[in-house]
Amino acid sequence: MAKKILILIYTVILSVIIYTENSCTKAHSAASFENSTKISKGVMLQAYPMKTISTASFNEGDIVYFINPTDLWAYETKVLPKNTYFRGYIEMLKMPVKGVNAAITIKITEAILPDGSIKKMNATVTQNGNAQIGGNLTPPASYNKTVHPREGMYWKRAGVLQYVPSGEYEMGLHITLPTSDIIYIMLDEEYDSSADSIKKENMHK
C-alpha cells in the first residue's frame, strides 16, 4: 500500500514538472511574439499624401512623402509611431493618351520617425492591391449602329440593331492622389523598427 502511495506521489510530481516546463515554454514564445519589433512582408500600411500627387505636375524620380495617421502596435510594442513620414519616389509615370489613362508607380524607401531617426523601408504605394496606379482603358468615344442577323428558321429576314464601339476612344485622364484621400503602402520586405538608423546621406537620392 505504501509503495502504491509513493508511486502516485511521484507521478503527480512528475506531471507538475512537465506542465510547468511546457507553460514556461509557451509563455516565452508568447512573450517573444508580443514583443516583436517587426512588420511582416505584405502588410498594408495606411497613409495620407503630404502633397497632392498628380501625373500632370510630377515627373519620374520626384521625391514624395506620406504620413502615418495612427500608432501601429504589436501587442505592447509600438512598431510604427503616429506621424511617421514615409519617403519615396516616383518610379514610373506614363502620361494619358487616347484610350488609356495615366499610370504611376511609387516606391517607398525610408520611414522617418517623429524623433528624427531614419529607417530603411522597402514598400510600394498600391491601389486595389495593384502596384501600378491607373493605366486602365478609357470608354469608347462613340458607337456605330450595326444590324446583326438572327439565326434560325423563324428569323431569316429579321435582324437586331446593336451599338458597337466605333474604334475611337476617349482621351485618358491624369492620376491624382489628393491629401484628403487615404492610400495604402504594401511592404515588399519585412520592416524591423529596431534596426539601426541610417544617415541622411544614405537615403535614396
Side-chain angles (χ1 to χ4, degrees), residues 38-73 79-114 116-144 163-193 195 198 200-205:
K38 298 178 181 179
I39 307 175
S40 302
K41 174 183 176 181
V43 169
M44 297 281 194
L45 307 175
Q46 292 185 344
Y48 287 95
M50 290 298 296
K51 179 181 178 181
T52 297
I53 301 170
S54 173
T55 52
S57 55
F58 279 71
N59 298 301
E60 287 186 358
D62 285 351
I63 300 297
V64 290
Y65 290 87
F66 303 85
I67 189 167
N68 174 36
T70 57
D71 291 326
L72 183 61
W73 295 83
V79 290
L80 203 61
K82 178 181 178 180
N83 294 330
T84 293
Y85 291 105
F86 301 115
R87 182 179 184 270
Y89 69 99
I90 296 177
E91 183 182 48
M92 181 277 292
L93 186 149
K94 292 181 180 179
M95 300 298 285
V97 295
K98 262 195 171 184
V100 183
N101 291 320
I104 191 172
T105 301
I106 302 174
K107 290 291 292 182
I108 301 298
T109 53
E110 289 92 18
I112 304 174
L113 279 59
S117 59
I118 305 168
K119 308 280 187 177
K120 280 287 187 183
M121 177 178 280
N122 184 358
T124 304
V125 176
T126 69
Q127 191 174 62
N128 300 323
N130 298 319
Q132 176 179 291
I133 301 173
N136 51 311
L137 300 178
T138 64
S142 60
Y143 293 83
N144 294 330
Y163 288 88
V164 296
S166 64
E168 289 289 326
Y169 288 84
E170 293 182 2
M171 184 64 189
L173 301 175
H174 281 286
I175 296 296
T176 301
L177 302 177
T179 57
S180 58
D181 284 3
I182 197 163
I183 58 93
Y184 290 90
I185 296 172
M186 182 174 67
L187 292 178
D188 296 325
E189 290 182 2
E190 181 181 76
Y191 172 78
D192 189 351
S193 61
I198 63 172
K200 285 187 177 181
E201 53 265 31
N202 293 329
M203 295 171 69
H204 175 83
K205 300 295 188 271

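Note that these values count all heavy atoms, side chains included, but never hydrogens, waters or copies made by symmetry.
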| said: Assess the residue pair I133 and V125 against the criterion (side-chain contact (heavy atoms from CB on, under 4.5 Å)); give the C-alpha distance rounded to whole Å, side-chain angles, the decisive distance to 0.1 Å, and a yes or no. | reply: CA-CA 8 Å; I133 301 173; V125 176; 3.8 Å; yes

| said: Please enumerate all residues that pass ring pair (Phe, Tyr, Trp, His ring centres under 6.0 Å) together with H174, with sequence neighbours excluded. | reply: none

| request: Would you please name every residue forming a ring pair (Phe, Tyr, Trp, His ring centres under 6.0 Å) with Y85, sequence neighbours left out? | output: none

| All side chain to side chain contact (heavy atoms under 4.5 Å, CB included) counterparts of Y89, not counting sequence neighbours | I63, E91, K107, T109, H204

| Least distance between heavy atoms, I182 atom then Q46 atom | CD1-OE1, 3.3 Å

| task | Let me see the working for I106 and L177 under side-chain contact (heavy atoms from CB on, under 4.5 Å), right down to the final yes or no. | result | CA-CA 11 Å; I106 302 174; L177 302 177; 4.0 Å; yes

| By side chain to side chain contact (heavy atoms under 4.5 Å, CB included), which residues pair with E190, not counting sequence neighbours? | K38

| query | Are side-chain heavy atoms of M44 and M186 found at a separation under 4.5 Å? | reply | yes

| message | Does T138 form a side-chain contact (heavy atoms from CB on, under 4.5 Å) with L173? I'd like the steps, not just the answer. | response | CA-CA 8 Å; T138 64; L173 301 175; over 6 Å; no

| field | Worked verdict on K200 versus I118 for side-chain contact (heavy atoms from CB on, under 4.5 Å) | value | CA-CA 8 Å; K200 285 187 177 181; I118 305 168; 3.8 Å; yes

| said: Looking at M92, is its backbone amide N or carbonyl O close enough to the side chain of T105 to form a donor-acceptor pair, meaning the two atoms are under 3.5 Å apart? | reply: no

| Short question: side chain of K205, backbone of M203 - any donor-acceptor pair under 3.5 Å? | yes

| Any side-chain heavy-atom pair of M121 and L187 under 4.5 Å | yes

| remark: On a heavy-atom basis, the closest approach of A102 and T55 is CB-OG1, 3.5 Å

| query | Can you name the side chain to side chain contact (heavy atoms under 4.5 Å, CB included) partners of D62, sequence neighbours left out? | reply | F58, N59, I90

| Considering all heavy atoms, the nearest G135-V100 contact | O-CG1, 3.6 Å

| message | Under the rule for side chain to side chain contact (heavy atoms under 4.5 Å, CB included), what residues qualify as partners of P81, not counting sequence neighbours? | response | D71, K78, T84, L113, P114

| message | Quick check: do L80 and F86 have side-chain heavy atoms less than 4.5 Å from each other? | response | yes

| For N101, all residues meeting side-chain hydrogen bond (donor to acceptor under 3.5 Å, both in side chains), sequence neighbours excluded | N136

| said: Can you list everything that forms a side-chain hydrogen bond (donor to acceptor under 3.5 Å, both in side chains) with K98? Sequence neighbours excluded, please. | reply: E168

| task | Taking K119 for its side chain and A195 for its backbone only, find out whether a donor-acceptor pair lies under 3.5 Å. | result | yes

| field | Those residues that, when tested against S57, pass side-chain hydrogen bond (donor to acceptor under 3.5 Å, both in side chains) (two or more places apart) | value | none

| request: Might you point out which heavy atoms bring Y191 and A111 nearest each other, and give the distance in Å? | output: OH-CB, 4.1 Å

| Less than 4.5 Å apart, any side-chain heavy atom of I108 and any of T124? | no

| Partners meeting side-chain hydrogen bond (donor to acceptor under 3.5 Å, both in side chains) with Y65 (sequence neighbours left out) | R87

